[in-house]
There are 2 protein chains.
Amino acid sequence: MALGDKDVRVRLQQSALNLFAERGYERTTAAEIAARAGVTERTFFRHFPDKREVLFDGAAVLLSALTGFIETAPDGLAPLDVLFFAFNAVVPLLEANRHISHPRQEIIAATPALAERELTKHAAMAHALAKLLQLRGVSHLPAELAGHTGMAAFAQATTAWLDDPAIALSERLDLAYVGLKALWSAPTRAADAQTSPEAG
Amino acid sequence: MALGDKDVRVRLQQSALNLFAERGYERTTAAEIAARAGVTERTFFRHFPDKREVLFDGAAVLLSALTGFIETAPDGLAPLDVLFFAFNAVVPLLEANRHISHPRQEIIAATPALAERELTKHAAMAHALAKLLQLRGVSHLPAELAGHTGMAAFAQATTAWLDDPAIALSERLDLAYVGLKALWSAPTRAADAQTSPEAG
DNA sequence: GTCTATACTGAGATAGAC
DNA sequence: GTCTATCTCAGTATAGAC
């Protein structure tokens, strides 16, 4: 009607982000989000199947970008190297969206219901990455392992970078990559040995 | 009070498992679960903070067992080898509970809300494993990577074994272990190359 | 144990685009 | 006319407050 031609969906997302930042997720009702966007509560639920989803639209864009890079990754790379090739390739996209991702991440971290939904999104993305690896000849179970392992590293790198931008995202990814490989070789000491590590 | 001395909590869990199997999770109300267990709806929510939690009590027992084995794992093992040492050690426990885990897994797989909660439980367990590795001297970020990578492999092995017990759980764990290591070395072909793999 | 807010669903009506 | 987006109204179940 007269609230400007900007898409209702986008208005709902912005209203939600603002209200969640102001009062917190639980103290914000779907009706309030809808009202600020100039529509009714029912319209909110037609755009988003539940209240949480309003914060998770960006995942599709990211996945689409990752898909393109995985499909064009060089031949002969190992499964996890394919994934990290794509992760590094989407760094500019993530950097460009940091001003939205950062406050969003804080809201999610403060809200168990949203943290739970984010895990679901990560699992879905891990599964999508696995299917792309299968297109490159990786068999089912190893592909799923690669998807989940890669996503764990990707999520750790991006989360750490959102928390503390002093270390660049590409460097965070490198750290995660090196850290993953070391999980097979770096020895750990038994818990008992910890009591006198320098003494023995 | 005459419904037998079996703990109300356990009766609620059994009622829930049965009702979910009969009608599905969404078509079962908390009041119905409570009624079958001989208590009121209010009592249900006193035992479980939300309806989903009634299916996720076993995680604590499993984690407790894993904790013991990680603490007593041999000195000098790499992070992921510590975790797989513990995973293999709890195989008998899992095998003993298969008659409960199997129907439970089917209900969870059929119910998105429950699958989401299970991811949360897995993430919590990954985090717990990470903290145990930190007690063995592994630093924070690598420990978290190991926790999530290990949990992904553990979950894949147990899920596959619940679906198809023809392959033993210990063998499923071995397959996951080997599969993980190969993610760094086994080459993949580019998607384009797939169209004529034998022709070139 | 009682009461209530609110997330979510379904059916039907309206309005505009094409 | 169809199709799509929205609103209105009525309802149920969860979960938290009292």
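Just so we're on the same page: letters track the sequence lines, and every chain starts at 1. Every value quoted in this text rests on a predicted model; they were computed, and no experiment measured them.
Atom CZ of A:Arg9 is separated from atom P of D:dT6 by 11 Å (rounded to the nearest Å). To the nearest angstrom, C1' of D:dA13 lies 11 Å from CD of B:Glu32. Between A:Lys51 atom NZ and D:dA15 atom C1' the separation is 13 Å, expressed in whole Å. The nearest whole Å value for the distance from the CZ atom in A:Arg27 to the P atom in C:dA5 is 16 Å. When the P atom of C:dA11 is taken as reference, atom CZ of A:Phe45 falls 18 Å away, rounded to whole Å.
Checking C:dT6, D:dT6, D:dA13 against the side-chain heavy atoms of B:Thr29 singles out D:dA13 as nearest. In the set D:dC7, D:dC18, D:dT14, D:dC18 carries the atom at the smallest distance from any side-chain atom of B:Arg42. Distance from the side chain of A:Thr43 is smallest to D:dC7 among C:dA7, C:dC8, D:dC7.
Side-chain nitrogen and oxygen atoms of A:His47 include none within less than 4.0 Å of the OP1 or OP2 phosphate oxygen of D:dA5. In this structure, B:Thr40 reaches the C:dG1 phosphate: one of its side-chain N or O atoms is under 4.0 Å from OP1 or OP2.
Remark: A:Lys51 is positioned above the aromatic ring of A:Tyr25, its terminal NZ or CZ atom under 6.0 angstrom from the ring centre and at most 45 degrees off the axis.
Not counting sequence neighbours, the partners of A:Tyr177 by the ring-ring contact (aromatic ring centres under 6.0 Å, His included) test are A:Phe84, B:Trp184.
Comparing A:Ala31 and A:Arg46 against DNA chain C, the residue whose closest nucleotide sits nearer the 5' end is A:Ala31.
The nearest pair of heavy atoms linking B:Asp50 to B:Phe45 is CA-CE2, 4.2 Å.
Cluster partners of B:Leu119, using a side-chain heavy-atom cutoff of under 4.5 Å among ILVMFWY residues and allowing indirect links, are A:Leu119.
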